[in-house]
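The structure appears below as structure tokens.
First the proteins, then the strands, lettered A, B, ... as listed; each starts at 1.
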Amino acid sequence: MRPDPHLLTGAAALDALPDDESAELAAHLAECETCAAELAGFVETAALLGAVTADTPPARLRESVLAAARATPQLPPATGRVADAGAHRAPEPADRAADGAPAPATGADVVPLRRPWYRRPQALLAAAVAAVVLAAGTAVVVVTSAPDRDVATCVSTAADARVVAPSVGTGGEVVASGQCNQATVTVAGLPPLPGGKVYQLWYLRGQEPVSMGVLATSATGSLQPVTAPLAAGTTAFAVTVEPTGGSAAPTTSPVWVVPL
Amino acid sequence: MTSPGPHSRGHSAVPNASPSPPAAGQTPEELLRRTAVGEEAAFASLYDLFSTRVFGLAKRIVRDPSQAEEVAQEVFLEIWRRASRFDAGRGSALSWVMTLTHGRSVDRVRSAQAAADRDLRVAQSSTERDVDSVVEAVEASFERRAVQRCLGSLTELQRESVTLAYYSGYSYREVAELLSAPLPTIKTRLRDGLIRLRDCLGVAT
């Protein structure tokens with residue numbers, strides 16, 4: 001019943017499209033070069049509208065920004081297919097923090113889904129799973145193992161190491177270091193699972209979950225920490241309950257999330 | 001608004017890049033590239049180039065100077081963090097920065113107001129103020145004047161729709177509700193309005 005999605009380019013350029021229609025337009029743009037070009041021109045046009053509201057900020061802001069930048073690590077360039085899809089399209093809150101919001105397999109300049117997978121209601125997970133299946137060719141499964149001592153040491157002693165507590169779940173932490181380009185993920189506070197179920201760890205590249213493997217349980221029943229390369233564009237780590245052996249894509253909502 | 005214009009800067013040693021052609025290494029795209037490799041001076045120049053626009057748009061959308069300052073700080077940190085992800089092949093540095101700014105500002109408004117629905121009457125009265133100030137507050141900047149002129153070339157309904165969506169950060173469905181117009185009408189108006197603005201402003205496509 002939808003009318004021509006082409007007509008959505010105007011609203012999209014003004015960052016005025018709701019989630020569902022952003023997705024609809026994204027799908028359409030992949031097939032319509034003219035529409036993608038039109039949207040790009042509209043986005044440039046919208047940027048000029050900002051000139052009208054220009055206003056001088058308080059002088060203190062400059063020093064504050066520069067000082068904060070000095071204390072903030074920069075992201076490495078996107079490599080391969082992980083382009084900054086959020087850039088010229090109205091990016092998503094999570095992408096903004098995030099980066100490298102993955103372009104769906106069909107094209108680069110599409111509108112990302114509005115909400116990241118790990119905050120999405122259950123009903124929408126099917127869409128996330130579908131998106132992952134498209135990208136499955138590039139998914140990297142990191143074999144879960146005890147932390148490599150050297151990299152774990154690097155992470156734990158790095159000057160830029162950040163310790164981040166979960167936003168979903170109550171135990172454990174992620175220690176991430178841009179210098180080491182590694183993160184150590186320690187998951188705790190989750191109940192033991194019945195037979196046939198396992199905890200599977202994911203990192204989110206933009207909004208796309210990428211498996212880091214099934215979490216191993218130590219003799220004492222705790223989940224073993226995982227140290228892994230910090231992939232460009234990682235926005236969060238998440239844990240879901242999956243059938244034994246793990247899943248190619250999450251099939252349940254995360255029970256544990258650490259946003260970066 | 002008292003801004004001396006989008007290109008004014010009071011701090012940097014970098015020469016003014018506009019309206020004369022920017023010196024080599026001083027286009028915003030080049031400054032972003034240098035920022036990506038950690039050059040703080042380039043980042044400072046970017047700040048000087050874009051701070052009035054970033055702060056101004058944030059302030060227009062969040063309508064509170066201190067919150068706008070926070071949003072501007074967030075935006076510039078994102079620019080710093082993500083400079084390496086900027087791809088000049090996909091759009092200008094300006095649109096990259098303004099898109100970030102718009103999104104962050106709207107997030108701020110939405111998170112502040114998530115609990116309570118917006119008071120449509122207040123919004124309604126601010127509609128006129130928006131349109132009026134946008135169209136009438138002609139200032140020195142050439143670019144600003146061009147935008148004013150082009151906004152003035154839209155039909156009133158196009159201008160209202162574009163203004164509410166961009167400067168007030170409303171979704172097009174909210175715009176439809178505010179203007180008591182059917183959704184397809186607003187969609188079309190936004191698009192037609194942007195086509196007219198694009199052509200009027202001479203944006204290459």
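By the 4.5 Å heavy-atom criterion applied to side chains, B:Asp48 and A:Arg62 are counted as neighbours. Using a 4.5 Å heavy-atom threshold, the side chains of A:Gln74 and B:Arg85 count as separate.
Residue-environment remark: CD (A:Glu33) stays at or below the threshold of 12 foreign heavy atoms within 6.0 Å.
A donor-acceptor contact shorter than 3.5 Å links the side chain of B:Arg144 to the backbone of A:Ala54. Remark: the backbone N or O of A:Val43 is not paired with any side-chain donor or acceptor of B:Ser95 at under 3.5 angstrom. With hydrogens and angles disregarded, a donor-acceptor distance shorter than 3.5 Å links the side chain of B:Tyr166 to the backbone of A:Ala46. Although no hydrogens or angles enter the test, the distance criterion places a donor-acceptor pair under 3.5 Å between the side chain of B:Tyr167 and the main chain of A:Leu49.
Heavy atoms closer than 4.5 Å to chain A are found in both the backbone and the side chain of B:Thr35. With a threshold of 4.5 angstrom between heavy atoms, B:Ile79 does not approach chain A through any atom at all. Neither the backbone nor the side chain of B:Val175 comes within contact range of chain A, judged by heavy atoms closer than 4.5 Å. Contact of B:Ala165 with chain A is made through backbone and side chain together, with heavy-atom distances under 4.5 Å. Residue contact with chain A, scored on non-hydrogen atoms closer than 4.5 Å, involves the backbone and the side chain of B:Leu197 alike. Heavy atoms of A:Pro76 lying under 4.5 Å from chain B belong to its backbone as well as its side chain.
Here B:Leu194 is the residue among B:Leu194, B:Leu190, B:Ile195 with the most heavy-atom pairs under 4.5 Å with chain A. Note on B:Gly38, B:Ala72, B:Cys150: by heavy-atom pairs under 4.5 Å with chain A, the leading option is B:Gly38. Counting heavy-atom pairs closer than 4.5 Å to chain B, the top residue among A:Ala68, A:Gly10, A:Gly50, A:Ala69 is A:Ala69. Taking B:Ala36, B:Ala68, B:Ser84 one by one and counting their heavy-atom pairs under 4.5 Å with chain A, the maximum is reached by B:Ser84. Ranked by non-hydrogen atom pairs under 4.5 Å with chain A, the options B:Leu94, B:Asp192, B:Thr101 are led by B:Leu94.
B:Glu69 pairs with exactly one of A:Pro58, A:Ser64, A:Pro57 by the side-chain contact (heavy atoms from CB on, under 4.5 Å) rule, that one being A:Pro58.
Here B:Trp96 contributes atom CH2 and A:Glu44 contributes atom CD; the two are 13.5 Å apart, rounded to the nearest 0.5 Å.
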